[in-house]
Amino acid sequence: MKIAIYPGSFDPITNGHLDLIHRGLLLFDRLIIAIADNPDKKPLFSNNERLEMVKANTDASNRIEVMIFEGLLANLAEERNACAIIRGLRAVSDFEFEFQMALMNRRLAPQTETVFLMPFEKYTYLSSSLIKDIARFNGDIANFVPEMVERKLKEKFGFL
Ligand code: PNS
């Protein structure tokens, strides 16, 4: 049983994340989508809201588990016997930070490899931060996030 962890802030989940989840399921038997509880990042959505949005859009597969995690990702990977951590690489600008994190996680959890997956080209410029920026001014985000997330963002910014 090959288990991979897909960690992130998912604030909120986008079509780019969903694309990566789909690709991850082609490679691994089980995916644990681990939503980071990191109050320092001051997320727009609470832990429960982020969890609800990820769950609602990934329910179809019983090979997926969605959870909130606190503390070190490397510890979670060891506890859950994960052979891989999945991260998305959109552009060269992602590389430096991701490379550093991958090597540090390998040092902390040597049995877990970080695997980088490239999203579908049309999502390479997509990020949760940009989506929030656009949604804040009631811009059109319909092509970038699931319908439920679009609605939640509109509610959050007072447009519904
Ligand atoms: O979606 P993000 O914000 O790019 O995800 C970053 C995340 C959550 C994967 C990263 O911040 C993380 O792993 N946090 C948990 C704490 C930790 O393990 N830090 C050391 C990383 S080497």
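Just so you know, ligand 1 is whichever comes first in the structure, and atom 1 is the first atom listed for that ligand. Remember, it's a predicted structure, so these values are computed and weren't measured experimentally. Residue numbers count from 1 along this sequence.
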Original post:
For Arg63, does its backbone N or O pair with a side-chain atom of Arg30 as donor and acceptor, under 3.5 Å?
Top reply: no
**OP:** Could you label the plane-to-plane angle of the His17 and Phe10 rings as parallel, tilted or perpendicular, counting under 30° as parallel and over 60° as perpendicular?
**Re:**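 Rings of His17 and Phe10: tilted, as their planes differ by 30° to 60°.
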Original post:
Which class fits the ring pair Phe120 and Tyr123: parallel under 30°, tilted 30 to 60°, perpendicular over 60°?
Top reply: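 Because their plane-to-plane angle is over 60°, the rings of Phe120 and Tyr123 count as perpendicular.
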Subject >> Carboxylate-amine/guanidinium proximity below 4.0 Å for Lys152 and Glu49 >> reply: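 No, this pair does not count.
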Subject >> Nearest option to atom 13 (O) of ligand 1, as decided by whichever heavy atom of Leu103, Asp11, Leu73, Asp94 sits closest >> reply: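 Checking each option, the heavy atom nearest atom 13 (O) of ligand 1 is found in Leu73.
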**OP:** Tell me which one of Met104, Arg106, Arg87 gets a heavy atom nearest to atom 6 (C) of ligand 1.
**Re:**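 Heavy atom nearest to atom 6 (C) of ligand 1 belongs to Arg87.
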Checking a contact table here: which protein heavy atom is nearest [atom], and how many Å away?
atom: atom 21 (C) of ligand 1; result: Met101 CG, 3.7 Å
atom: atom 2 (P) of ligand 1; result: Ser9 OG, 3.6 Å
atom: atom 14 (N) of ligand 1; result: Phe69 CZ, 4.3 Å
atom: atom 20 (C) of ligand 1; result: Leu72 CD2, 4.0 Å

**OP:** Go through Lys41 and Asp11 one step at a time and tell me if the salt bridge (charged side-chain N to carboxylate O under 4.0 Å, His left out) criterion holds.
**Re:** CA-CA 10 Å; Lys41 279 208 172 177; Asp11 185 40; over 6 Å; no
**OP:** Could you tell me whether atom 11 (O) of ligand 1 has at least one protein heavy atom nearer than 4.0 Å?
**Re:** no
Original post:
Which heavy atom in Asn57 sits nearest to a heavy atom in Pro146, and how many Å separate them?
Top reply: OD1-CB, 3.2 Å
Subject >> Nearest heavy-atom neighbours spanning Ile5 and Ala82 >> reply: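 That closest heavy-atom pairing would be CG1-CB, 3.6 Å.
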**OP:** Could you tell me whether Glu147 atom CD has more than 12 heavy atoms of other residues or ligands within 6.0 Å of it?
**Re:**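 12 or below, so no.
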Original post:
What do you reckon, does Gly71 put a non-hydrogen atom under 4.0 Å from ligand 1?
Top reply: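 In this structure, Gly71 qualifies as a contact of ligand 1 - some heavy atom is under 4.0 Å.
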**OP:** Work out whether the distance between some heavy atom of Gln100 and some atom of ligand 1 is less than 4.0 Å.
**Re:**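 For ligand 1, residue contact (heavy atoms, under 4.0 Å) with Gln100 is absent.
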**OP:** Would you check whether Glu98 has a nitrogen or oxygen atom less than 3.5 angstrom from a nitrogen or oxygen atom of ligand 1?
**Re:** no
Subject >> Ala36 contact mode with ligand 1 (heavy-atom cut-off under 4.0 Å) >> reply: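 It is the side chain that gets close, since no backbone atom is under 4.0 Å.
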